[in-house]
Amino acid sequence: MFSKDLLRSKRILITGGGTGLGKGMARRFLELGANVFICGRRKEVLAETAAELGRQTGATIRALPCDVRNGQAVEEMIETIWKDGPLDILVNNAAGNFLARTEELSPRAFEAVIGIVLVGTINATMACGRRWLKAGHPATVLNITTTYTRTGSAYVVPSAVSKAGVEALTRSLAVEWGNRGIRMNAIAPGPVPTEGAFSRLLPRPELETLAKQRNPLGRFGTVEEFANLAAFLVSDGCSYINGEVVVMDGGEWLQGAGEFSTLGRQLTEKEWEAMKPRKTSSTG
Ligand code: HXC
Ligand code: NAP
């Protein structure tokens, strides 16, 4: 689909790049000649992904453990990267999400998701943005949102409000920083099977079939389709796209977004209870 050197020598950081869509983008960017950095909280997951992708593509990939909620930790990670030269591209992909009845959420539950999705995106964008502006270094930011930013969605409210905030950030900075060489765009994907998303957001197997049937194309998106769109948007080949949120959902949102809004009529009391966190549960 692309020339093999589309992203040659571009230095790209993908937050949450150890799994799912982030890992898919890392693989595609490496194939297209980029130098890729991935970050996430789990060191072992990052190391495994870096080893696997390095082996498969023969390209350079570096893994940096970092919790994007922590502004100081993000600053230190970015400083480490900058020691060998500036990034050219930042992909804010790290996210947290789960299904829950909103009135049952604790303040910490809201904070967990808002911290990763909205504050994490702000932390990474500001750490890179300030350096780019100071040096006059042209760059691109790609944020990953969702289709329910437009409509909201029941049962994923911390995610919906955070992702809507990320789109506001994208459009605002596209204007504020555009004439200083920084492009800001976002992709709003519909459902794409990944362990991280589907383990948390599909409480019953048959809901998967219903979700596919609901989609105009009768299927979910693929990681490869997503990674191709991301490669296009961060490349210099589309330098005039700025402040755009590109939906990739098979046309689903046109017939009504808010993917999880009907769950109130579908799930039983027992199923809601089963999704609550166990006190001893670990992350990931
Ligand atoms: C209610 C919950 C909960 C749940 C956690 N909490 N899970 N509340 N229902 N299912 C509450 C906890 O009780 C706690 O509050 C607070 O949230 C923080 O929980 P921790 O487990 O300590 O948080 P942490 O270890 O930081 O984990 C963050 C996380 C977790 C968001 C809760 O799920 C995670 O690490 N997710 C990362 C990966 C991920 O979510 N990927 C999916 C992305 S898919 P209290 O008050 O008890 O202390 C996506 C888009 C999907 O975003 C769109 C599809 C179309
Ligand atoms: P995923 O595999 O769970 O990816 C989330 C990544 O974020 C993980 O690698 C996770 O690693 C990292 N992360 C979470 N909290 C972090 C923190 N505090 N600091 C640093 N990294 C953190 O899920 P995915 O499906 O690939 O999702 C990727 C992106 O696509 C997200 O923005 C999501 O909202 C979006 N999206 C996905 C879908 C879908 O259907 N898959 C649909 C719409 C939008 P650690 O746990 O190791 O930190």
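As the structure lists them, so they are numbered: ligands from 1, and atoms in each ligand from 1.
Using a 4.0 angstrom heavy-atom cutoff, Glu111 does not count as in contact with ligand 1. At least one heavy atom of Gly190 sits closer than 4.0 Å to an atom of ligand 2.
Residue nearest to atom 32 (C) of ligand 1, selected from Phe98, Trp272, Phe198: Phe98 (by heavy-atom distance). For atom 14 (C) of ligand 1, the choice among Arg108, Glu252, Glu104, Arg101 with the nearest heavy atom turns out to be Arg108. Nearest to atom 46 (O) of ligand 1 by heavy atom, out of Ala188, Ser106, Pro191, is Ser106. Here the shortest heavy-atom distance to atom 55 (C) of ligand 1, taken over Arg69, Glu259, Met275, belongs to Glu259.
With hydrogens and angles disregarded, a donor-acceptor distance shorter than 3.5 Å links the side chain of Asn242 to the backbone of Met184.
Interface of Thr145 with ligand 2, defined as ligand atoms under 4.0 Å from a residue heavy atom, comprises 43 (C), 44 (C). Residue Pro191 approaches ligand 2 through these ligand atoms, each under 4.0 Å from one of its heavy atoms: 40 (O). Distances below 4.0 Å separate heavy atoms of Ile116 from the following atoms of ligand 2: 15 (N), 16 (C), 18 (N). Distances below 4.0 Å separate heavy atoms of Arg200 from the following atoms of ligand 1: 33 (O), 34 (C), 36 (N), 37 (C), 38 (C), 39 (C), 40 (O), 41 (N).
Residues Phe220 and Glu208 have side chains in contact (heavy-atom distance under 4.5 Å, counting atoms from C-beta outward).
Looking at ligand 2, you'll find an N or O of Val68 within less than 3.5 Å of one of its N or O atoms. On a distance-only criterion, Arg200 and ligand 2 share no N/O pair closer than 3.5 Å. Residue Ala94 has no nitrogen or oxygen atom sitting less than 3.5 Å from a nitrogen or oxygen atom of ligand 2, judged on distance alone.
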